[in-house]
Amino acid sequence: AVVWFVDVSAEIDSETSAPESAQIRNRRSCRSETEVGANPVQVEVGEFDEAIEVVEDVVAENPCLNHHCKKGKVCEVDESNTPMCVCQDPSTCPVAEGEFEHVCGTDNKTYDTSCHFFATKCTLEGTKKGHKLHLDYIGPCKYLEPCMDNELNEFPLRMRDWLKNVLVTLYERDEDNNLLTEKQKLRVKKIYENEKRLQAGDHSLDLLAHDFEKNYNMYIFPVHWQFGQLDQHPVDGYLTHTELAPLRAPLIPMEHCTTRFFEQCDADNDKYIALEEWATCFGIKEQDVDKDLII
Ligand SMILES: *[C@@H]1O[C@H](CO)[C@@H](O)[C@H](O)[C@H]1NC(C)=O
Ligand SMILES: [Ca+2]
Ligand SMILES: [Ca+2]
């Protein structure tokens, strides 16, 4: 249950939110190298000498091969053979292999797959409805219990502990995978080697609260690290709804306080979660907020 949110991030993070400029959109498109238009198999063939000619032919013939579109769009050529991104027809999305591929939109409608969701959102581009529509969570829409105040207070206790365990697990598995940078490894090493560390497992809320008080320093880096993982498009010290999605979306069906927690994290209500807001809602003291820790 540790690696899933790392994996899922690639899946959801290309939902673009409107206020950001085309610049970001371009950056995003570039990241998804083989996403649309390019057949990944053909691209990989390029690694073998004898196939190089084939690859070049394809490039020359198909202007869409190197033209990347954001999620929900596909590349098509117009009469003058110029590539352009148009909304994908949802019926061309791969069929869902199971319920686990369904996603729930903020309209509380279940979409077969995230492809269906983004294709549908694309058709609403420019409308108020489209602007407000986001991928809310992974899985079919379901009834989510309202989050009570006392439950809301428990959320950061579990989340902090979980973040610390995720990092320690990455550290343990990180031989030459480079899941963490050298700098990050040094920081996690301190946590990993700390004998007072609370080992992974189910702990009572009392114990979690007690450990946070006693071993407060061990939680500072994990909270910063998670922020840095999410703050990528762009790296600016603020999380948009879209940047938060990789963490939020898989969590909501399991933790019904997720939505409320992140809403109240945005203390000044400007729709962005600043690093300071983030740290504060995880109980990190103002003087320990350090933007150098997120790199
Ligand atoms: C969303 O849809 C689910 C399943 O159809 C339903 O049980 C739930 O009550 C709905 N939630 C809201 C807030 O309308
Ligand atoms: Ca950002
Ligand atoms: Ca804010």
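Just follow the structure's listing: the first ligand is 1, and inside any ligand the first atom is 1. FYI, the numbering just counts along the sequence from 1.
Counting heavy atoms from C-beta on, the side chains of Ile273 and Leu244 come closer than 4.5 Å. At least one side-chain heavy atom of Cys64 sits less than 4.5 Å from a side-chain heavy atom of Val77. You'll find the side chain of Ile252 reaches within 4.5 Å of the side chain of Thr259, heavy atoms only.
Geometry about the Ca ion (ligand 2) gives an angle of 80° between OD1 of Asp236 and OD1 of Asp231, rounded in steps of 10 degrees.
Sorted by first and then second residue, the disulfide bond (SG atoms under 2.5 Å apart) pairs involving residues 136-194 (not counting sequence neighbours) are Cys104-Cys141, Cys147-Cys257.
Partners of Glu145 according to the salt bridge (Lys or Arg N to Asp or Glu O under 4.0 Å) rule, which considers only residues two or more places apart in sequence or in another chain, do not exist here.
Annotation: Phe212 is in aromatic contact with Tyr219 [ring centroid separation under 6.0 Å].
Counting only protein N, O or S atoms closer than 3.0 Å to the Ca ion (ligand 3) gives 6.
A side-chain N or O of Tyr216 and one of Asp288 form a donor-acceptor pair less than 3.5 Å apart. Between the side chains of Ser204 and Asp206, no donor-acceptor pair is found at a separation under 3.5 Å.
Heavy-atom minimum distance, Leu180 versus Lys185: O-CE, 3.4 Å.
Protein residues are said to neighbour a ligand when one of their heavy atoms lies under 4.0 Å from it; for ligand 1 these are Asn108, Cys141, Lys142, Tyr143.
Metal site remark for the Ca ion (ligand 2): Pro234 contributes an N, O or S atom at a distance under 3.0 Å.
The environment of CG in Asn269 is crowded: more than 12 heavy-atom neighbours from other residues, nucleotides or ligands sit within 6.0 Å.
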